[in-house]
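So that the names make sense, note that chain A is the first sequence line, chain B the second, and so on, each numbered from 1.
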There are 2 protein chains.
Amino acid sequence: MEPINVFKALSNETRLNILKWLKEPENHFPKQGAHLPKEVSYKGGVCVGDIQEKANVSQSTVSSYLNLMQKAGLLESIRHGQWTYYRRNEDFIQQFAKYFKTEI
Amino acid sequence: MEPINVFKALSNETRLNILKWLKEPENHFPKQGAHLPKEVSYKGGVCVGDIQEKANVSQSTVSSYLNLMQKAGLLESIRHGQWTYYRRNEDFIQQFAKYFKTEI
DNA sequence: TTGACATATCGAGAAATCCAGATATACAAT
DNA sequence: ATTGTATATCTGGATTTCTCGATATGTCAA
């Protein structure tokens, strides 16, 4: 775990919002692309295009943001056909919260 | 509370170290300047010069780092004569840890 | 295999951050 | 008043981050 990279990932409004939105994907991504049955895609995460639309930044920006957050440990991704679904890495986030409480 | 500013403040190795050192000033600042009786200065924090020596960055850099961290809410300072003592704002840090656990 | 679409990567200019030295300010002691 | 010390602020060059458009890659459908 590289705390600095986690803090850097969270030092940007858009990225922080993405992480929060992904806490409740059903609420924040209602126009869920109909690529997959609801239960599958929500469990598996939200696809890049839907996140881009909500975040209102360019496709390349959102893609690299998601990659950055994944490298930091905050997100994980699953490819499903031509879509990549990103979701929170809850284990890691919880572990980091604990680190913050005890080490910081 | 501006979470983004807190994350930015913590996105730097030196600043993160300073925050950790200030958790146990007695351990990390043994050559405590003899400006004040020990109990006073430790309770009140550590002076800029001592932090600078430990952090091994320039005087101006450490001063602006401490100012940044204070603005973010992580530190508080007390002036005592010609010395400024910085210490952790434990209430804020604890509050932020809670925010992280519940909101992030 | 070609075309369409989703996502990733590349390249670059603008903006922000890093961090130092120089200078200013505040206070203490003489 | 003057000098010395601690800290803050200013200035600026180097580096990093931000964010885009363009292009590449991967996948599905026809």
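When the nucleotides C:dA8, C:dA20, D:dC20 are ranked by their closest atom to the side chain of A:S60, D:dC20 comes out on top. Among the nucleotides D:dC18, C:dA6, D:dT9, the one closest to the side chain of A:Y65 is D:dC18. Comparing D:dT19, C:dA20, D:dA8 by their nearest atom to the side chain of B:T61 picks out C:dA20. Comparing D:dA6, C:dA6, D:dC18 by their nearest atom to the side chain of A:Q82 picks out C:dA6.
Residue A:R15 places at least one side-chain N or O under 4.0 Å from the OP1 or OP2 atom of D:dC18. Between C:dA8 and A:Y86, a contact under 4.0 Å exists linking OP1 or OP2 to a side-chain N or O. The shortest distance between the side-chain N/O atoms of A:N12 and the OP1/OP2 oxygens of C:dA16 is not below 4.0 Å. Distances shown here put a side-chain N or O of B:T84 below 4.0 Å from the OP1 or OP2 atom of D:dA8.
Across the protein-nucleic acid pair, A:Q52 atom CD and C:dT9 atom P stand 16 Å apart, rounded to whole Å. We find that CD of B:E53 is positioned 11 Å from P of D:dA6, with the value rounded to whole Å. The CG atom of A:L10 sits 14 Å away from the P atom of D:dT17 (whole-angstrom rounding). In this structure, CZ of B:F7 is placed 21 Å from P of C:dA16, rounded to the nearest angstrom. In this structure, A:Y85 places its OH atom 12 Å from C1' of C:dT7, rounding to the nearest Å. One atom, NZ of B:K8, and another, C1' of C:dC18, lie 14 Å apart when rounded to the nearest Å. Here the P atom of nucleotide D:dC18 and the CG atom of A:L68 are 8 Å apart, to the nearest Å. Taking atom CE of B:M69 as the reference point, atom P of D:dT7 lies 16 Å away to the nearest angstrom.
Comparing A:R79 and B:S64 along DNA chain C, the residue whose closest nucleotide (by nearest heavy atom) sits nearer the 5' end is A:R79.
As judged by a 4.0 angstrom heavy-atom cut-off over every strand, A:V57 is placed among residues touching the sugar-phosphate backbone only.
Between A:K20 and B:E103 there is no salt bridge, since no side-chain nitrogen of the basic residue lies less than 4.0 Å from a carboxylate oxygen of the acidic one.
Looking at A:T61 and A:S58, their side chains do bring a donor and an acceptor atom within 3.5 Å of each other.
Counting distance only, with no hydrogens placed and no angle test, the side-chain atoms of B:Q59 and the base atoms of D:dA6 include no donor-acceptor pair under 3.5 Å.
For NZ of B:K23, the number of neighbouring non-hydrogen atoms (other residues, nucleotides, ligands) closer than 6.0 Å is greater than 12.
Below 30°, between 30° and 60°, or above 60°: for B:F92 and B:F96 the angle between ring planes is below 30°, a parallel geometry. Relative orientation of the B:W21 and B:F29 rings is perpendicular, given thresholds of 30° and 60° on the angle between their planes.
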